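Counting starts at 1 for both ligands and their atoms, in listed order. Just so we're clear, the structure is a prediction, and the values are computed from it rather than from any experiment.
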Amino acid sequence: MKKRVTTVIMAAGEGVRMKSKLPKMLHSVCGRPIIDYVVDAALDICDDAPILVVGHGAEAIKEHLGDKVRYTYQEEQLGTGHAVMMAQKYLEGMDGYVVVLAGDTPLITGKLLGDMVNHAVEHDYSCVALSAIVENPTGYGRIIRDVNGDFSCIVEHKDATSEQRQVKEINASMYCFKVQNLLESLKKLDNNNAQHEYYLTDVLKILTSENKRVGIYCADDASYIMGINTRVQLSQADKLMRLRINNCHMDNGVTIIDPENTYIGPNVHIGQDTIIYPGNVIEGDTYIGEECILYPNSRLLNARVDDKVIIQNSVVLNSQIGEETTIGPFAYIRPGSIIGGHVRIGDFVEVKNAAIGDGTKVSHLTYVGDANVGNGVNVGCGVVFVNYDGKEKHRTVVEDNAFIGCNTNLVAPVKVEQNSYIAAGSTITKTVPKGALAIARARQENKEGWVEGRNNR
Ligand code: UD1
Ligand code: CA
């Protein structure tokens with residue numbers, strides 16, 4: 001039977017141990033803010049917008065998440081129980097279940113939360129707490145079970161006896177409650193403990209004492225419930241997420257030579273039989289087609305790369321690359337570039353806000369800025385598209401099959417018509433007509449015997 005489920009995400013804490021000006025929830029794991037993963041997992045299981053408890057850094061969090069969630073403000077952080085009290089106004093009169101989460105657990109998935117909810121529904125529990133077995137439980141609340149192995153209580157590390165501290169089953173700080181049971185118990189919470197906080201964990205004790213049934217759902221992989229409190233944990237979470245993302249691509253038919261040293265964001269698509277060497281950083285909404293090869297050490301951000309492209313030691317930002325094109329080594333493709341198919345962009349070439357047609361070659365040491373370059377064009381070594389006059393940027397147009405000799409300056413705005421040639425070393429300031437040869441440089445003059453003459457002076 002499907003039950004109505006809503007979610008509360010506790011995200012008001014300061015995150016002191018991060019030692020950061022940025023709110024903890026906005027720190028990134030694999031290039032995406034922590035809170036986004038938690039909100040996504042919540043959205044997977046709930047029927048309405050998650051309720052987010054905010055406090056520290058509330059403005060920045062609101063600006064980031066917008067109306068994806070409903071907000072409630074916790075002015076003073078008096079504990080996790082107090083945080084959930086702040087969500088009461090949304091929960092009153094509601095039937096069904098509420099899943100409570102912490103905002104600092106980016107590795108959680110909708111699947112695991114759904115399993116916890118199903119466990120609660122199937123056994124008609126008033127509450128199910130998510131737990132896991134960890135090697136080092138220091139700092140976590142411990143799950144204490146009775147002689148039958150049923151839930152007894154949760155003790156915080158700071159309140160635990162040395163015997164209780166031996167327990168390796170920890171509280172994940174994620175729960176599924178029957179809404180009405182939660183609301184009734186919150187009224188009875190106190191802050192009689194080592195930290196003088198209202199502990200949400202005490203709600204479970206209250207429920208048990210009133211003969212309501214509390215269950216435990218133990219996750220078989222503790223990495224899913226990992227919370228982030230420090231930068232060391234942030235890097236550990238990043239690594240776990242990285243491997244999760246990379247495994248998913250490998251399962252889809254992508255070869256990743258060294259998954260520990262390949263950095264792919266959560267919104268990246270990669271086609272089958274593409275091969276990725278170490279040191280690549282692939283970010284944002286990047287799309288990579290099939291049978292591409294990314295040799296080591298490139299960065300791609302919001303790139304669209306068609307099939308069979310080869311990229312090596314290069315940077316591609318907010319740009320498109322057509323099929324069977326090769327990029328690099330050491331190319332810099334800046335935003336707004338649309339590069340066609342079968343193009344060669346070679347070493348030390350910078351392209352900015354330029355369209356480059358199919359089959360064009362820009363092989364070495366060139367700047368192509370603010371230009372429309374046609375098909376089959378050959379751009380020699382050391383060409384500069386001179387796009388800036390000190391005040392404004394101007395565009396250059398190079399039509400199909402033009403040949404731009406080495407060390408040419410194309411001073412924009414300027415047009416090079418189709419099938420024309422430009423002699424090496426030219427500085428072009430006016431239209432080169434179709435089929436013409438333009439030579440725009442001083443003629444060579446040879447002074448015979450000049451060296452001998454100087455030496456005898
Ligand atoms: C909590 C649990 C502990 C569990 C651990 C798992 C309690 C009393 N303890 O401890 O059993 O093992 O999580 O990581 O619940 N928050 C608020 N307002 C507050 C206090 C906290 O919004 O007043 C938020 C924090 O921003 C954070 C989450 O609640 O996202 C957890 O709070 P935190 O202080 O980190 O709890 P722990 O001490 O880690
Ligand atoms: Ca915590």
Does Ala102 reach ligand 1 with a nitrogen or oxygen that is under 3.5 Å from one of the ligand's nitrogen or oxygen atoms? no
Quick one: ring-ring contact (aromatic ring centres under 6.0 Å, His included) partners of His157, sequence neighbours excluded? none
Using a 4.5 Å cut-off on heavy atoms from C-beta on, say whether the side chain of Tyr224 contacts that of Leu240. no
Any N or O on Thr201 sitting closer than 3.5 Å to an N or O of ligand 1? no
Heavy-atom side-chain proximity of Cys127 to Lys212 below 4.5 angstrom: no
What I'd like to find out is whether the side chain of Glu14 reaches to under 4.5 Å of the side chain of Gln77, using heavy atoms alone. no
Please state which option from His157, Met226, Gln74, Met25 has its nearest heavy atom closest to atom 17 (C) of ligand 1. Gln74
Under 3.5 Å donor-acceptor pairs involving side-chain atoms of residues 105-117, not counting sequence neighbours:
unit_1, atom_1, unit_2, atom_2, d
Thr105, OG1, Ala102, O, 3.1
Thr109, OG1, Leu112, N, 3.2
Lys111, NZ, Asp115, OD1, 3.4
Lys111, NZ, Asp115, OD2, 2.8

Distance-only N or O hit between ligand 1 and Ile154, under 3.5 Å: no
Using distance alone, determine whether Ala172 and ligand 1 share an N or O pair under 3.5 Å. no
Classify the contact between Lys24 and ligand 1 as side chain, backbone, both or neither, using a heavy-atom distance cut-off of under 4.0 Å. neither
Pairs of nitrogen or oxygen atoms closer than 3.5 Å, one from Ala83 and one from ligand 1: do any exist? no
Just do the salt bridge (Lys or Arg N to Asp or Glu O under 4.0 Å) check on Asp104 and Lys24 with the steps written out, would you? CA-CA 7 Å; Asp104 60 358; Lys24 178 165 80 173; 2.9 Å; yes
Just let me know how Leu78 lines up against ligand 1, side chain, backbone, both or neither, with a heavy-atom cut-off below 4.0 Å. backbone
